[in-house]
Structures are given as C-alpha cells and as structure tokens.
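Report on the structure given below.
No hydrogens, no waters, no symmetry mates; every other heavy atom, side chains included, goes into these values. Quick caveat, the model's predicted, so the values are computed rather than measured. We name chains A, B, ... by the order of the sequence lines, and we start the count at 1 in each one.
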Protein chains: 2
Amino acid sequence: MVTTVMVRSAKVHPMSSLGVRSTKQRTAVAAALAELDDFRSTQEIHEYLKDRGDSVGLTTVYRTLQALSAAGDVDVILREDGESVYRVCSTSHHHHLVCRQCGHTVEVEGPAVERWADSVSAANGFTSVSHTLEIFGLCSNCSH
Amino acid sequence: MVTTVMVRSAKVHPMSSLGVRSTKQRTAVAAALAELDDFRSTQEIHEYLKDRGDSVGLTTVYRTLQALSAAGDVDVILREDGESVYRVCSTSHHHHLVCRQCGHTVEVEGPAVERWADSVSAANGFTSVSHTLEIFGLCSNCSH
DNA sequence: TCTGAAATTGACAGTCATTTTCATTTAGCC
DNA sequence: GGCTAAATGAAAATGACTGTCAATTTCAGA
C-alpha cells in the first residue's frame with residue numbers, strides 16, 4: 001500500500017504555475033519509507049538510500065521528509081531523545097505504540113481520547129489545538 | 001517527548017556516603033522554577049537568573065534541571081520544536097494543556113486515558129511502557 | 001573551628017541534528 | 001530546443017545539549 005509520489009496541494013492558483021515536481025530523489029525517499037516499516041530518522045533514511053545506491057543529499061532528505069509530513073503523507077513523532085522520526089501510516093488519525101529498542105510500531109486508535117482532548121481544550125478556552133500521544137515501551141520480542 | 005518522569009526522590013544509598021549537596025546555584029534554579037509558573041527552557045531559566053542577579057552557569061542550569069526531573073521534582077516535556085521545557089508540577093500523574101504562544105499551562109488529568117494506554121500496551125505485548133500526552137494550542141488570551 | 005575528600009561549578013570546546021546559503025542542475029511547459 | 005521556477009546538494013551556520021577539567025565549595029569528621 002501507500003504510493004505517495006508527493007502530490008500536494010490540489011488546485012493551485014491558475015496564474016502561478018506553482019508546482020511540486022517529481023524528481024528521482026523524492027521517488028527514492030518515498031520508496032525508502034515504503035520499505036522501512038517503522039519510524040526512522042532522517043539520517044537513517046539518508047544512510048539507507050546511500051547503502052542502496054540511490055544516494056540523495058542529506059539536505060534533500062530533510063526537506064522531502066518535512067514536505068511529506070506537512071502534506072500528511074507520513075507521520076512524524078519526536079522520539080524521547082528529541083529526534084524526529086518518520087513513517088508511512090494510514091491516513092486516519094491515530095497514535096503509536098513504539099518499541100524503544102527496535103523501533104517496531106503498532107498503530108492504535110482511541111476515539112475516546114480524541115474526544116477527551118477536545119473537550120478538555122474547549123473547557124479551558126484553548127483553540128487551534130493539536131495533541132501528541134505516543135506510547136513507548138518494549139515490544140514482546142524485545143521484552144525478552 | 002518524555003512524559004512525566006516517574007522516579008521518586010532517591011533514598012540515599014545506605015553504604016555509600018553519596019550525597020546531594022545544597023548549593024546556592026541549585027537553590028536559585030529551584031527558586032526560579034517556583035516563580036516561573038509555566039514551562040520554560042533551560043536557556044530561559046538561565047537568562048531569568050542572570051537578569052535577576054543570581055547568575056548561574058548555563059551548564060549548571062542544564063544539569064540541575066535534569067537532576068530535578070530525574071528525581072521527579074519537576075515535569076519535562078518536549079516542545080513541538082524538540083526543545084525540553086521544565087515546570088514545577090503537582091506530584092500526581094497528569095498531562096498538560098500548553099499555550100504555544102505564551103507558554104501558559106494547565107494541568108489536566110485523564111484517568112480514562114491512562115487505563116486506555118495500559119490496556120492497549122498490554123494487548124500488544126508491550127512492557128515497560130511510558131506515554132506522552134500533551135495538548136498544544138492557543139489559550140484564550142492568545143487566541144485573540 | 002579546621003581539614004580534606006568528594007561533590008559541584010562553569011568556562012569552553014565538542015557533538016550532533018537540523019537549517020541556511022547559494023551556485024549549479026533539472027523538470028516540465030512553450 | 002529553450003526557458004525559468006523548482007529542486008538539489010555541498011558547505012557553512014545554527015543551536016541545543018554534553019563532555020572536560022581545573023578551580024571552588026560543601027560538609028562530615030577530627
């Protein structure tokens with residue numbers, strides 16, 4: 001699943017031919033994400049591509065991953081050490097159960113949590129809210 | 001992302017004479033935290049102390065804040081930009097509603113969320129879990 | 001009160017993820 | 001083929017945080 005060749009904003013202004021171009025670098029990053037099934041850092045993806053032969057500049061990997069996450073095509077989370085890690089995910093809103101050891105990830109949903117977050121925010125007069133909810137632990141394999 | 005740390009104040013090891021000493025720098029940092037009621041970065045606290053006259057080395061502020069959070073005396077969260085911010089909090093487990101603009105913070109509790117996180121983890125065979133749940137938004141003042 | 005070992009401090013250099021700069025290459029439209 | 005905005009990437013810059021280590025301070029015991 002997941003193809004993602006980075007088609008962002010739908011209709012653009014008629015006059016300005018602002019367009020997101022399709023390049024081999026972007027294709028390579030998207031492919032890497034599709035192959036790597038767990039959360040990976042920019043550096044790891046860059047390394048992966050290099051080892052694979054499809055070398056892409058580190059700067060470009062950074063930019064591409066940010067664009068992909070901004071477009072909602074991949075999920076980003078801040079690891080406990082503060083580093084950003086990316087992963088292709090289902091489109092619906094969800095959270096993650098991430099193994100601290102091997103990075104294995106399980107997508108989880110919690111409609112009740114979303115509702116709770118919304119109501120708590122509203123009750124306190126907060127607007128433009130977003131929330132982060134990730135669970136870190138050791139998966140069954142890494143537990144022992 | 002780092003949630004509320006759960007380590008309690010350490011009982012000093014009986015045999016070793018390891019002791020945490022009381023210094024004016026630590027007192028100053030603790031005082032600053034008590035005065036600044038919202039989440040602040042290490043740099044901000046360092047700056048605050050300097051302006052106040054109780055200048056403390058930046059390195060020391062870093063170390064002290066980390067020690068305090070490791071001891072469970074203050075809460076740490078990773079801001080959306082990845083920077084760690086600290087704040088004195090109630091001792092019970094809770095989460096935060098943080099204003100992206102001014103940093104104003106409201107502590108919130110969600111027993112149901114805790115239970116949900118635990119059951120989801122268990123259902124997937126995860127152990128040693130910890131979770132992060134923070135809500136960022138604009139408080140009523142900053143909304144307009 | 002004095003003393004010395006261990007704890008602490010802080011200036012400074014180092015690390016490392018991420019960003020900026022900018023000159024050089026492309027993709028995609030004519 | 002030619003053109004131009006978009007994209008790339010090497011190198012330098014940024015910024016948070018950590019490591020080093022000589023100098024300073026705390027505090028338990030004499």
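- Cluster note: A/Tyr62 groups with A/Leu58 through ILVMFWY side-chain heavy atoms spaced under 4.5 Å, whether in direct contact or through intervening members.
- Each of A/Thr23 and B/Ser22 has a nearest nucleotide on DNA chain D; the 5'-most of these lies closest to A/Thr23.
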Inset, instruction - Indicate for each nucleotide in nucleotides 15-22 of chain D, in 5' to 3' sequence, whether protein heavy atoms under 4.0 Å reach the base (B), only the sugar-phosphate (S), or nothing (-). - result: -SBBBB--
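- For the pair A/Glu44 CD and C/dC16 C1', the interatomic distance rounds to 14 Å; values are reported in whole Å.
- Sorted by first and then second residue, the salt bridge (Lys or Arg N to Asp or Glu O under 4.0 Å) pairs with a member in residues 135-144 of chain A form an empty list; sequence neighbours excluded.
- Between the side chain of B/His46 and the backbone N or O of B/Val56, at least one donor-acceptor pair lies under 3.5 Å.
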Detail all sub-3.5 Å separations between protein N/O atoms and N/O atoms belonging to nucleotides 28-30 of chain D.
none

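- We find that NE2 of A/His46 is positioned 16 Å from P of C/dC16, with the value rounded to whole Å.
- Residues satisfying the salt bridge (Lys or Arg N to Asp or Glu O under 4.0 Å) test with B/Asp118, not counting sequence neighbours, are none.
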Please list each protein N or O that sits under 3.5 Å from an N or O in nucleotides 2-5 of chain C, with the distance.
none

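- Evaluation of the salt bridge (Lys or Arg N to Asp or Glu O under 4.0 Å) test over residues 89-100 of chain A, restricted to residues two or more places apart or in two chains, returns A/Glu80-A/Arg100.
- Whole-Å rounding puts the A/Glu47 CD to C/dA17 P distance at 11 Å.
- Aromatic ring orientation, A/His93 versus A/His131: perpendicular (interplanar angle above 60°, classes split at 30° and 60°).
- Atom-to-atom, CZ of A/Arg40 to C1' of C/dT18 comes out at 20 Å; the value is rounded to the nearest Å.
- For B/Arg26 and D/dT25, the CZ to P distance is 15 Å, given to the nearest whole Å.
- If you measure from atom CG of B/Asp81 to atom P of C/dA17, you get 17 Å, rounded to the nearest angstrom.
- In the hydrophobic clustering, B/Leu138 connects to no other residue, as no ILVMFWY side-chain heavy atoms lie under 4.5 Å from its own.
- Legend: residues meeting salt bridge (Lys or Arg N to Asp or Glu O under 4.0 Å) with A/Glu83, ordered by chain and number and at least two apart, are A/Arg79.
- Residue B/Leu65 contributes atom CG, which lies 12 Å from atom P of C/dT9 at whole-angstrom precision.
- Contacts of B/Asp37 classified as salt bridge (Lys or Arg N to Asp or Glu O under 4.0 Å), with partners at least two apart in sequence or in another chain: none.
- When the P atom of D/dT26 is taken as reference, atom CD of B/Gln25 falls 8 Å away, rounded to whole Å.
- Residues satisfying the salt bridge (Lys or Arg N to Asp or Glu O under 4.0 Å) criterion with B/Arg21, sequence neighbours excluded, are absent altogether.
- For A/Arg40, the side-chain contact (heavy atoms from CB on, under 4.5 Å) partners at least two apart in sequence or on another chain are A/Leu36, A/Asp38, A/Glu44, A/Ile45.
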